[in-house]
Amino acid sequence: MSDILDDLQNMWDDAKKDKNEHSLSAKDLIALSKQKMRKAVWMQVGAIAILTITLLGISAFFIYVAQFRNLLSHIGIFLMTGGLVVRILIEVYSIYRSSKIDLGLTASNVNKRYLNFFEYRSRIHGPVTVGILAAYSVGFYLLIPGFANYFSTVEVTLIALSYLLAAAIFGYFIRKGIRDEMELLRSVLQLQDEMADEKSF
Amino acid sequence: MTDNTQIFERLYKDYHAMVHQVCMGFVKGQKDQAKDLTQETFINTWRALDNFKGASGYKTWIYRITVNTCLKYIRDHKKKDQVTFDQHENIQAHEEQAPVEDPKHNQLYMAIGHLEGLDRLIIMMVLDELNYEEISEVVGISEGNLRVKIHRIKKRLKKILENE
């Protein structure tokens, strides 16, 4: 066995002698790193800004345009906007949490932290996401009677039906996102197994 | 110039070749991917610099970041490519047949490339002459387990090289 591995060792040593040019200087890399970090922060700020604008828009619509005054409509508005707020805050927190994983720790330690992170994500994808989607949908349908004051019966029916289509599309993308993340979780678990006790073999 | 900038410049100068070599082995000699991965490793190094407490040497610490960046890369790469299980299988099959870009070291990168991600990284540390204690400090598994693992990887490599 050692001859073959000695050959491999020689090949490795030989490959090490190859000159590889630095494509970027250390300063360029620092600048690139700072640029990437700024971009990540702006994405989070952007998400919060979009949420705020959406909330202001929805609130303005219900205060100045469609003045729903009954309790059911108010609950509906609260459920819809509340669901949106919770969802976006969860995403922002997730980005923050994953960025805090220190890659300078041992591979096993880092993998355990990723495992915790993806387990947290799987909990989010379960009852929390379903709950948010349900709250959003209930909120929307609570507003339907209010729409009847502004639109014809046909238009209200179309609005009610079009939500089903939107919910189906939204649901499809959520499901796809969940599947992708569960695949990542499986991959982290597999690595955890690889790092686990080898003595049992 | 801040202390961190000076330290980073020194680390980049001292360990660029080492990191690049590991990345080349990890991506089976694909030069562009190795370049990106090397870059990503040093970006992660810069970000983690404030967390470096000196509990291990710089070499071990850089190795940890390299290993973690490579493992993250394989995970993210899999996620992007993997639409369905069948497609993933096809991608894997295609990757295994893909010729390495560096014909001079074709045999080396092909042999290492046949191993699983973690095993690939461990054997490269062995080839880079890190001792068991150092490898254990990078990977975070006990020396005893590491010995068993390395023995199995070597057996696997022997089989791969004999079948070529």
Side-chain angles (χ1 to χ4, degrees), chain A residues 1-5 7-37 99-112 114 176 179-181 183-184 186-188 190-191 194-201, chain B residues 5 8-9 11-13 16-17 20-21 24-25 35 39 42-48 51-52 61 64-65 67-69 71-72 74-76 78-79 82 102 104-105 107-109 111-112 116-119 121 124 127-128 137-141 144-146 148-149 152 154-155 157-158 161-162:
Chain A
M1 182 149 81
S2 65
D3 284 350
I4 283 178
L5 291 172
D7 287 348
L8 203 65
Q9 182 72 59
N10 292 335
M11 284 186 248
W12 178 263
D13 293 339
D14 194 33
K16 266 168 93 170
K17 288 176 199 154
D18 277 3
K19 282 203 166 178
N20 59 82
E21 290 169 10
H22 297 206
S23 52
L24 289 174
S25 70
K27 280 200 177 81
D28 291 338
L29 271 179
I30 293 172
L32 187 64
S33 174
K34 286 179 179 169
Q35 188 190 333
K36 279 190 170 190
M37 278 197 270
S99 73
K100 286 287 157 198
I101 295 174
D102 179 8
L103 296 182
L105 300 171
T106 65
S108 162
N109 212 326
V110 169
N111 202 56
K112 272 178 201 150
Y114 274 119
K176 189 176 174 303
R179 235 177 21 210
D180 286 350
E181 286 200 3
E183 185 53 45
L184 286 174
R186 267 194 291 277
S187 163
V188 172
Q190 191 188 337
L191 192 57
E194 281 179 41
M195 288 176 181
D197 196 1
E198 291 278 336
K199 283 174 184 162
S200 56
F201 289 98
Chain B
T5 309
F8 181 75
E9 282 185 351
L11 293 176
Y12 189 58
K13 186 172 162 279
H16 180 273
H20 185 263
Q21 169 83 347
M24 276 290 274
K35 209 166 89 181
Q39 216 175 81
F42 279 103
I43 287 176
N44 289 333
T45 304
W46 168 254
R47 286 181 184 170
N51 298 329
F52 182 74
W61 184 67
R64 281 180 184 171
I65 296 177
V67 165
N68 287 321
T69 305
L71 292 172
K72 187 174 183 302
I74 211 171
R75 210 160 42 226
D76 293 347
K78 222 176 188 181
K79 183 187 153 195
Q82 193 167 36
D102 190 349
K104 195 174 155 204
H105 307 299
Q107 198 187 7
L108 170 72
Y109 293 133
I112 294 173
E116 291 292 327
L118 181 65
D119 292 353
L121 290 160
M124 284 192 282
L127 292 171
D128 226 4
E137 272 186 45
V138 172
V139 183
I141 56 181
N145 287 345
L146 200 59
V148 179
K149 203 163 181 56
R152 291 170 69 206
K154 282 181 176 174
K155 262 170 80 179
L157 264 178
K158 184 177 177 268
L161 288 165
E162 280 173 350

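Chain letters run A, B, ... following the sequence lines, proteins first and then strands; every chain starts at 1.
- Only the backbone of B:V138 comes within less than 4.5 Å of a heavy atom of chain A; no side-chain atom from C-beta onward does.
- The shortest side-chain heavy-atom distance between B:Q39 and A:L32 falls under the 4.5 Å cut-off.
- For the atom pair B:I65 CD1 and A:D102 CG, the distance stands at 7.5 Å (nearest 0.5 Å).
- Put simply, CG on B:L71 and CE on A:M195 are 6.0 Å apart, with the number rounded to the nearest 0.5 Å.
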- [ ] I would like to know whether A:L29 and B:W46 meet side-chain contact (heavy atoms from CB on, under 4.5 Å); could you show each step before the answer?
- [x] CA-CA 8 Å; A:L29 271 179; B:W46 168 254; over 6 Å; no
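- Under the 4.5 Å side-chain criterion, counting only non-hydrogen atoms from C-beta, B:R75 is in contact with A:N111.
- From A:Q190, atom CD reaches atom CD of B:E116 across 6.5 Å, with rounding to the nearest 0.5 Å.
- A:Q9 places a side-chain N or O within donor-acceptor distance of the main-chain N or O of B:L127, the cut-off being under 3.5 Å.
- No side-chain heavy atom of B:Y109 sits less than 4.5 Å from a side-chain heavy atom of A:M11.
- At least one donor-acceptor pair under 3.5 Å links the side chain of B:N68 to the backbone N or O of A:L105.
- Of the listed residues (B:T45, B:D128, B:L121, B:L157), the one with the most heavy-atom contacts under 4.5 Å to chain A is B:D128.
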TODO: Could you walk me through whether A:W12 and B:I112 pass the side-chain contact (heavy atoms from CB on, under 4.5 Å) test, one step at a time?
DONE: CA-CA 10 Å; A:W12 178 263; B:I112 294 173; 4.2 Å; yes
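- The two atoms that bring B:Q21 and A:K16 nearest to each other are NE2-CG, 3.6 Å, heavy atoms only.
- Rounding to the nearest 0.5 Å places CD1 of A:I30 at 10.5 Å from OH of B:Y12.
- Between B:R64 and A:T106 there is a side-chain heavy-atom pair separated by less than 4.5 Å.
- Taking CD of B:E9 as the start and NZ of A:K27 as the end, the distance is 4.5 Å to the nearest 0.5 Å.
- The most heavy-atom pairs under 4.5 Å with chain B, out of A:S99, A:S108, A:S33, come from A:S33.
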